[in-house]
Every structure is written in structure tokens, then in C-alpha cells.
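From a predicted model like this one, the values you see are computed outputs, not experimental measurements.
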Amino acid sequence: MSAPRVRFVVGGVQKGGTTALAAFLQRHPGVALPADKEAHVFDAPDFDDGWSPEQVDARFAAHFGEPAEACGAKLQGDATPIYLMHERLIGRIARYNPQMRWIILLRHPVERALSQYHMERSRGDEHWPLWLALLAERWRLRGHEDDFSTGSPLRHHSYRLRGDYARQLDALYAAFPREQILLLRNEQLREDPAATVDAVCRFLGLEAPAHEQGYGTVFSGQYERWPAGSWRWKVVRWWWRRQLAEQARHGLHWQ
């Protein structure tokens with residue numbers, strides 16, 4: 001039995017900078033990621049929990065565009081941020097590869113939620129006003145807790161759920177040893193991308209890459225940001241105060 005094809009995941013979170021990090025990692029000659037960055041293998045609606053690692057690898061094959069042997073000695077990974085959101089997906093990955101290494105890139109939950117909302121609006125998947133969408137999330141997701149279908153509210157309207165990092169990290173640490181998890185914050189990548197990429201490479205056992213190309217902004221959504229001292233920011237922060245306080249258990253002290 002061969003070792004699982006995929007050895008690491010950039011497993012969280014959506015709108016946290018995973019696209020930028022994946023783009024930077026793709027420059028490394030020792031790394032191979034799916035052509036579209038996100039393979040969405042473990043959250044596929046037709047995923048079978050009875051699949052063997054070989055059958056999961058067969059699903060990954062199409063995303064790399066070449067056989068595993070053709071990738072040579074490259075370290076193959078997947079950068080699908082939804083994997084962290086659901087305990088069931090974490091369990092699938094644990095069964096597939098217990099040695100999987102996780103790179104988790106987190107962003108302030110309020111900033112992340114706003115970014116997701118505006119993304120869904122721009123795609124035509126969100127038609128409700130912001131405050132109503134945030135208030136109604138709980139009811140919109142009811143009955144869809146395990147619904148990974150393409151149009152599921154779990155995918156499109158999980159603004160607060162995706163930012164519940166304490167719950168997600170509890171599930172991740174229960175399934176994987178801490179030494180297999182690298183926890184990063186979005187501002188680290190934004191403020192010092194070279195140092196962040198170096199840290200990721202060390203974590204993956206790779207030589208640090210050359211940085212001659214520099215690092216620009218890969219993607220930045222065009223929408224109104226809320227100043228941290230604004231009344232709207234304060235209202236949402238107060239509303240989510242318990243969730244934010246819970247995250248301090250994992251060393252996440254959001255300003």
C-alpha cells in the first residue's frame with residue numbers, strides 16, 4: 001500500500017488569505033498544489049466515507065493534471081479552506097492520512113465574515129442586507145448542518161459559523177497531534193509574507209525559497225471596510241463577544 005498522495009492541506013479559513021499563501025507556495029519547486037488551488041475532495045457532495053486512501057487519491061488525480069509519479073519528489077498538498085469548518089471533514093482527512101500536516105491561516109472573525117458576505121453578494125448568492133443576513137444565519141443553516149451540496153446555505157451563508165475558531169480548533173486538535181498543525185494569522189502573511197512562507201516551508205520540511213520575485217497582493221475585495229472603532233464594528237464585536245472570548249483558549253486575542 002502506497003503512502004497517501006496529499007501530505008499537507010492549507011485547511012482554513014475562507015477569506016483568510018489562503019489564495020495568497022497558495023500562490024506563494026506554488027512558486028516553490030518542491031511543492032505541487034491543485035491547478036485550481038482548491039480540490040474540494042473531502043467536502044464533495046458525493047464523497048463516500050468508506051473510500052480507501054487509494055480511492056481518495058484517485059479523486060485527487062484529476063486536480064493535479066498529471067500522475068503522482070510525474071510530480072517527482074514534490075510535496076503535494078491541497079488548499080481548500082472549508083476543510084477546517086466541519087468536524088466531519090476533519091475526520092475524513094484523519095482517516096485518509098493520519099500524518100497530514102495542517103496550515104491554518106486565521107483572520108479576525110468580524111473582518112472575515114464581512115469579506116465573505118461581500119463575496120457572496122458579488123457572486124449573486126446573497127440577496128439579503130448585511131444585518132439581516134447576519135441575524136438570520138442560525139435559521140438559514142438549520143437542517144443543513146451536514147449539507148455539502150453546491151447551493152447549500154452551509155457553504156454560502158455561514159458567516160459566523162466559519163469564524164467559530166475555538167470549536168474548529170478543538171475538533172482539529174482532537175484528531176491530529178499539535179506538532180502537525182501550524183497556526184498562523186492573516187496579518188502575519190500581509191505584513192511579512194517572506195517570513196511567513198519561510199515558516200511554512202520549515203513546517204513542511206522544505207528549504208526556504210528564494211524571495212527575488214517579491215510578494216504582492218494576490219486578491220483584495222473591493223468593498224467598504226469598517227474602521228475598528230466604528231459603531232457597526234463595536235456592535236458586531238459585542239454580539240460575538242462570547243465566541244471571541246472562547247478563542248483566547250487557543251492564543252487568539254483579537255484586537
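N97 places a side-chain N or O within donor-acceptor distance of the main-chain N or O of Q99, the cut-off being under 3.5 Å. Side-chain atoms of R112 come within 3.5 Å of backbone N or O of Y159 as a donor-acceptor pair. For the pair Y117 (side chain) and L130 (backbone), a donor-acceptor distance under 3.5 Å is present. For the pair Q116 (side chain) and R160 (backbone), a donor-acceptor distance under 3.5 Å is absent. Judged by distance alone, with hydrogens and angles left aside, the side-chain atoms of Q14 form no donor-acceptor pair with the main-chain N or O of I82 at under 3.5 Å. Judged by distance alone, the side chain of S152 and the main-chain N or O of D147 form a donor-acceptor pair under 3.5 Å. Remark: the backbone N or O of M100 is paired with a side-chain donor or acceptor of Q180 at under 3.5 angstrom.
Remark: R140 is positioned above the aromatic ring of W128, its terminal NZ or CZ atom under 6.0 angstrom from the ring centre and at most 45 degrees off the axis. For R185 and W254, the positive end sits near the middle of the six-membered ring, less than 6.0 Å away and at most 45° from its axis.
L132 and V236 fall into different hydrophobic clusters, where Ile, Leu, Val, Met, Phe, Trp and Tyr residues are linked whenever their side-chain heavy atoms come under 4.5 Å apart, directly or through other members. Taken together through direct or relayed side-chain contacts under 4.5 Å among Ile, Leu, Val, Met, Phe, Trp and Tyr, L114 and W231 form part of one hydrophobic cluster.
Each of I90, V13, D78 was evaluated against Y83; a single residue qualifies, D78, per the side chain to side chain contact (heavy atoms under 4.5 Å, CB included) test. The one candidate from H63, R5, R7 that meets the side chain to side chain donor-acceptor pair (under 3.5 Å) condition with Q76 is R5.
Remark: D48 does not engage R59 in a salt bridge, criterion side-chain N to carboxylate O under 4.0 Å. Using a 4.0 Å cut-off between charged nitrogen and carboxylate oxygen, R155 and D125 do not count as a salt-bridge pair.
Residue R190 places its CZ atom among more than 12 non-hydrogen atoms of other residues, nucleotides or ligands, all under 6.0 Å distant.
With hydrogens and angles left out, the side-chain atoms of H86 and D146 include a donor and acceptor closer than 3.5 Å. E126 and H157 share a side-chain donor-acceptor pair at under 3.5 Å.
Ring geometry, F64 versus F60: the interplanar angle falls from 30° to 60°, so the pair is classed tilted.
Sorted by first and then second residue, the pairs that involve residues 193-210 and meet side chain to side chain donor-acceptor pair (under 3.5 Å), not counting sequence neighbours, are D198-H211.
A distance below 6.0 Å separates the ring centres of F42 and Y96.
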